[in-house]
Protein chains: 2
Amino acid sequence: MATSARVTLADVAKAAQVDVSLVSRVLRGESVRVREETRQRILEQASMLGYRPNAIARSLRSARAGAYGLVIPDFTNPVYAHIISGAEEAAAARGSVVMTSTGSGWDPAAWYDAVDGGRVDGLLVAGGPTLDMSRLAVPYVLVNRAVPGGRRYVVLDDARASRMAVDHLIGLGHSRIVFLGGPDDADTAQRRRAGFEAALRDAGLDVPEVRLNGDYSAAGGREAMASALRAGPAFTAVVAANVPSALGAMEALREAGVEIPADVSLIAVHDAEIAEYVSPALTTVKMPLHELGARAIDLLARTPADEPIEEVVAQPMELTIRASTGPAPR
Amino acid sequence: MATSARVTLADVAKAAQVDVSLVSRVLRGESVRVREETRQRILEQASMLGYRPNAIARSLRSARAGAYGLVIPDFTNPVYAHIISGAEEAAAARGSVVMTSTGSGWDPAAWYDAVDGGRVDGLLVAGGPTLDMSRLAVPYVLVNRAVPGGRRYVVLDDARASRMAVDHLIGLGHSRIVFLGGPDDADTAQRRRAGFEAALRDAGLDVPEVRLNGDYSAAGGREAMASALRAGPAFTAVVAANVPSALGAMEALREAGVEIPADVSLIAVHDAEIAEYVSPALTTVKMPLHELGARAIDLLARTPADEPIEEVVAQPMELTIRASTGPAPR
DNA sequence: CTGAAAGCGCTTACAG
DNA sequence: CTGAAAGCGCTTACAG
């Protein structure tokens, strides 16, 4: 640990009695015609001295960071964990991906500088505060968010997820279905609601007038459901915009003595490990978050910085039937 | 977005008709005596040109990265989110903190190079595979893990957390209490078990022979609890080593028709938002994860790289009583 | 108060 | 097959 000064290319070159440029080429495995004997000597000395390339110097010279940035608003939300793993997998061949958050004590000005200072070759922005991407010189892709101004984004097929949820409920005989939405300023929430309403209309059902507005949080879901119940539950099934709000709704239903799924069926968009461990276990539509992260890196790496990106990742999306949905009560 | 070539210090210097060195000093706010008029001209040109310092060049020259690394094994575990927020808060004044994971497709060799290439001034390692830190030149601190070889770590007072859980149960009249442990090779799990057993002994109670060995996961907790129930439940209360295993145990108890807390009380070490939204809501001992992350950055930044660090973060630790614990059945 | 120069550790044409 | 040189964009003594 930091026992001696760092060993540099020059140290290896001196030990192997060659020029630094040759060491550089050999160590990077560049296709260079070099005498086998010399190559061995270089490799040997590098290993003996414990040489490790200075990524900073390399980056400065080559103008490539060898890393992508991924901005996360909130690490407590497991949704991001799956996006991260997809991004890492896709980036593995090209370099690493480093995560930063816009959470506690986030300073926008410092952030723009930090992120745009050449430390990353590109930036994935997943949720969080609306950033002015035009201030940045580094190429970016917005993940799971299609904002009007942002011309480069990858989103999920939110509408289709809602539709799958509705179809499942209709298949169980439900006709009075409400939507427990997310925050209206989140475009994902808007698309999920739109998909929900379209699915009802396509099935010839009325879109209920009652609107449950949550905010994607458990507390918000609980509150929205509680007030809907006070108004008198004119529904037999609920599609929740995400898992946390479904858990909150479940709590409110339980407190009101409403049985799930005997009285009311509940299904959520998105999956989460926890869905399996609540009671009753929560039926969900699992979204391709891993694929979303992977695709975002792919696009970031391959698309010229001045070209727009408008991509929808639709596959695979899977209905995971658990215990919270059942036949409509008569 | 990448419309023009990056603007450098030289560009600003030329526009302001001064030397780059002066621009550098003024822009960094270095206490330099400079004519006010010149200063204004420099600031103005920098802003007009949209100058943003190249962090890479700065790092190379100053041998400071201005960033700390934080290695996370698994972003789906919300425990890490709290460590992250603490670390970010503590690092804010000194620079940023970037997270990387040892998850999907993690390549150790590439990792050692990437992390040790000068991109970070120090490294926090929270859980995950056992890394050979002696291979690294960069200073590090192990977070929440006290391994024999590692001479630099910050941990929580796991034993005390277990003790608080046991004391709570004893206060409710329980005397037959079992421990649903974590993986035996995790030192946190060992300390939690040790604290559990010590607390029982101090209270004059027998340490039960039955050992429930989970693996910190919901599936593991469920399985361990199920097999304990098959053997005949000789206990009225359970201390779970973490929240996920408690949720699994809850599921197994439910399946076996055991009422919580009427038949068996359940309490978990660590807290999580989800604890509030399961039924019954889970009583927990909340650990100071945020403080752990903050303290780790502090120590990393202030301790010379060759000095050992052995620190325990004990405060604040809080019993959060919810619905899963109650009086012992008679 | 301001400038000129050296150099951080690499990579990359250019020579020979 | 190998070397010498330039230069990435900064910071930091050293001058004056």
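From a predicted model like this one, the values you see are computed outputs, not experimental measurements.
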* Would you say the side chain of A/Ser21 and the base of D/dA4 hold a donor-acceptor pair, judged only by whether the two atoms sit under 3.5 Å apart? -> yes

* Candidates D/dG3, D/dG9, D/dT12 - which lies nearest the side chain of A/Val18 -> D/dG3

* To do: Would you kindly give the CG-to-P distance between A/Leu9 and C/dC8, to the nearest whole Å?
  => 13 Å

* Between B/Ser24 and D/dT11, does any side-chain N or O lie under 4.0 Å from OP1 or OP2? -> yes

* Structure fact -> When rounded to whole Å, the CG to P distance for the pair A/Leu60 and D/dT11 reads 12 Å

* **Atom-to-atom span, CG of B/Asp11 to C1' of D/dC10 - whole angstrom** => 13 Å

* Does A/Arg58 reach the side chain of A/Asn54, with side-chain heavy atoms less than 4.5 Å apart? -> no

* Asked: Contact class for A/Thr8 (heavy atom, under 4.0 Å): base, sugar-phosphate, or nothing?
  -> sugar-phosphate

* Asked: Below 4.0 angstrom, N of the basic side chain to O of the carboxylate: do B/Asp298 and B/Arg94 qualify?
  -> yes

* To the nearest Å, how far apart are A/Arg61 CZ and C/dC10 P? -> 13 Å

* Asked: Between atom CD1 in A/Ile56 and atom C1' in C/dG9, what is the gap in whole Å?
  -> 11 Å

* Report yes if a side-chain nitrogen or oxygen of A/Arg58 is closer than 4.0 Å to either non-bridging phosphate oxygen (OP1 or OP2) of C/dG9; otherwise report no. => no

* Asked: Counting only side-chain N and O atoms of B/Ser62, is one of them less than 4.0 Å from OP1 or OP2 of D/dT11?
  -> no

* **Atom-to-atom span, CG of B/Asn54 to C1' of D/dG7 - whole angstrom** => 14 Å

* Check the surroundings of atom CD in B/Gln190: do more than 12 heavy atoms from other residues, nucleotides or ligands lie under 6.0 Å from it? => yes

* Asked: Would you call B/Glu36 and B/Arg39 a salt bridge, taking side-chain N to carboxylate O under 4.0 Å as the test?
  -> yes

* With respect to the phosphate group of C/dT2, does any side-chain polar atom (N or O) of B/Arg35 fall under 4.0 Å of OP1 or OP2? -> yes

* To do: Remember a base hit wins even if backbone is also touched, and classify A/Ser59 as base, sugar-phosphate or nothing at under 4.0 Å, heavy atoms.
  => nothing

* Does OP1 or OP2 of C/dT12 have a side-chain N or O of A/Arg28 closer than 4.0 Å? -> yes

